[in-house]
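Since the structure comes first, as C-alpha cells, the remarks are kept for the end.
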Amino acid sequence: MNFTRISSSTSLFYNRTWNERVAWACVYSVEGILIFAGNTLALVIFLQPSFVSKKSIYFVISLTVADLITGVTVMLAVNSISKVNEEKGLATIEIVQLWFDIFSGCASIYSLTAIAIERFCAIFWPFKQRLVKTRTYLISIGAVWFLSLSIPSVTILHTICCPGDESLQIAIGYFMMCFGLSCIGTVVLSYLSIWIKISYCNRQIQPDLANRRIKRLTTTLLLVTLVSVATLVPNFVILIVQVICPTCLSSLFPRQYYAIANFLFYANSFANFIIYTCRMREFRSEIAKIFCKCVNVLHFFRKCQRNVNPELNHDSNASTVSQTQPTLIGMKVLHIY
C-alpha cells in the first residue's frame, strides 16, 4: 500500500494522541454527514424529469454518485481512526477503506474529465452534440465507472494475494499518476479552449436564450472542476512523491499535512452541492419544493395526531376557558360596583 493515498490517511493516526484522534474523528464525521446528505438531496433533484430530459446532466449525475460514495468513504475513515489501536479487524478496515477511497477518487476525476469533454463538444459542435444519442452518453458513463472499479479492484487483489510483491503496486502507481496527469491536462485544455471560443470567436453570434443557458451551465461546471482540481492537488502531490520517492514523504510533508489534504479532498464533494445551489436556478427551486413538501408532511402528521387524540384539544380548550373565566367574572363584578 505504499503508493496509495489511503495508506497515509490511516497510518498517520498511529502515533497520535487520543485527543487528536477524537478531534479528527469529529471533523470527519461532520464532513461525512454533510457530504452524504447534500449529495443525496442533489441526486434526488437531478433525477427529476426536468433535469433528466437534459443529456448534459447525465455526467453531473455520475459525479454526484461519486461524491455520494465519498461520503461513505469518510465514515469508513472515521471507523478506521476510532479503531487505530485495535489489532483485530484492522487489516479488513484498511482494505475496505482503501478500495472505497481509490474508487471514489477515480470516479470523481474521470467524471470531471468526461464533463469537460462533453462541454468542449457542446461549445464547438453544438448541433452535432444535440444529435448524440442517449446510448452514447450511457456508454461513456459506463466506461468511466469501469475504469474507476478496475483500478481499486486490481490493487486490492494484489495486496491480498501478493503482499510482499511491490512491482505491480509500483506499476499501478505510475499508471494512476500518468493517467491522472492526462485527465487534468485534458480538463485544462478543454476549458481553456472553451474560454477562448466564448470570449473571442462567438461575438458575431447573437446571444439567444439557448446560448446563454449553455454558457451558464459551462461556467457552473467550470467552477465545479476548478474547485475539484484545487482540492485534489495536495493528495496528488502525495501520490507523485510516493511513486517517485517513497522514503521522502516523512521529510517533505509534516504529519498534519496528510489529514488536511484528505479533509480538503473530501470537502470537495460537499462544495459541489454548494455550487449547484448557488449557480443553478432550477436546482434552488427544486430544493424549495422539497422543503415545502417536508413542511406539508409535518403539518399533515400534526393534524392526524390531533384527530387521533381529540382529548388533548378538549383539555387545552378547557384549561384556556378556566384560566380566562375568573378574569371575566372579576371584570363584571367590578363593573357592577
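Since the structure is predicted, the reported quantities are computational estimates derived from the model, not experimental observations.
Looking at residues two or more places apart in sequence or on another chain, you find a side chain to side chain contact (heavy atoms under 4.5 Å, CB included) between I117 and T113, C121, T186. Considering only residues two or more places apart in sequence or on other chains, E286 meets the salt bridge (Lys or Arg N to Asp or Glu O under 4.0 Å) condition with K289. Under the side-chain hydrogen bond (donor to acceptor under 3.5 Å, both in side chains) criterion, S62 pairs with S111, W145, sequence neighbours left out. Applying the side-chain hydrogen bond (donor to acceptor under 3.5 Å, both in side chains) test to Y137 and every residue at least two apart in sequence or in another chain returns E118, Q129. By the side-chain hydrogen bond (donor to acceptor under 3.5 Å, both in side chains) test, R279 pairs with T220, sequence neighbours left out. Considering only residues two or more places apart in sequence or on other chains, I33 meets the side chain to side chain contact (heavy atoms under 4.5 Å, CB included) condition with none of them. Every residue meeting the side-chain hydrogen bond (donor to acceptor under 3.5 Å, both in side chains) condition with W195, not counting sequence neighbours, appears here in chain and number order: S199. In terms of the side chain to side chain contact (heavy atoms under 4.5 Å, CB included) criterion, residue partners of T225 (sequence neighbours excluded) are, by chain and number, L112, V187, Y191, V229. For A114, the side chain to side chain contact (heavy atoms under 4.5 Å, CB included) test picks out F59, V144, with sequence neighbours left out.
A continuous path of ILVMFWY side-chain contacts below 4.5 Å connects Y266 to I260, so both sit in one hydrophobic cluster. Transitive grouping of hydrophobic side chains (ILVMFWY, heavy atoms separated by less than 4.5 Å) brings F100 and L147 into a common cluster. Grouping the Ile, Leu, Val, Met, Phe, Trp and Tyr side chains by contacts below 4.5 angstrom, directly or via other members, places I287 with I290. I139 and L149 fall into different hydrophobic clusters, where Ile, Leu, Val, Met, Phe, Trp and Tyr are joined by side-chain heavy atoms under 4.5 Å apart, directly or via other members. By the criterion of side-chain heavy atoms lying less than 4.5 angstrom apart, applied directly or through intervening Ile, Leu, Val, Met, Phe, Trp or Tyr residues, F265 is grouped together with I274 in one hydrophobic cluster.
Taking NZ of K133 as the reference point, atom CG of L138 lies at 13.0 Å (rounded to 0.5 Å). Rounding to the nearest 0.5 Å places OG of S140 at 15.5 Å from OH of Y110. The CG atom of L222 sits 11.5 Å away from the CZ atom of R119 when rounded to the nearest 0.5 Å. For the atom pair OG (S148) and CD1 (I102), the distance works out to 11.5 Å, reported to the nearest 0.5 Å. Of the inter-residue distances, the one linking I109 atom CD1 with L232 atom CG reads 4.5 Å to the nearest 0.5 angstrom. Separating the OG atom in S269 from the CG atom in D67 is a distance of 4.0 Å, to the nearest 0.5 Å.
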Output side-chain donor-acceptor pairs under 3.5 Å for residues 175-184, partner residues at least two apart or in another chain, one line each.
unit_1	atom_1	unit_2	atom_2	d
S182	OG	C178	O	3.3
S182	OG	F179	O	2.6

Please output the side-chain donor-acceptor pairs of residues 44-53 that fall under 3.5 Å, not counting sequence neighbours, one pair per line with the distance.
unit_1	atom_1	unit_2	atom_2	d
Q48	NE2	V44	O	3.2
S53	OG	P49	O	3.2
S53	OG	S50	O	3.3

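Using a 4.5 Å cut-off on side-chain heavy atoms (C-beta onward), I115 and V224 make no contact. Counting heavy atoms from C-beta on, the side chains of V72 and M75 never come closer than 4.5 Å. Using a 4.5 Å heavy-atom threshold, the side chains of F273 and L34 count as separate.
A side-chain hydrogen bond (donor to acceptor under 3.5 Å, both in side chains) check over residues 29-43, counting only residues at least two apart or in different chains, returns nothing.
S193 places a side-chain N or O within donor-acceptor distance of the main-chain N or O of L189, the cut-off being under 3.5 Å. Counting only distance, with no hydrogens or angles, the side chain of S153 and the backbone of S150 share no donor-acceptor pair below 3.5 Å. Not one N or O on the side chain of K128 forms a donor-acceptor pair closer than 3.5 Å with the backbone of A122.
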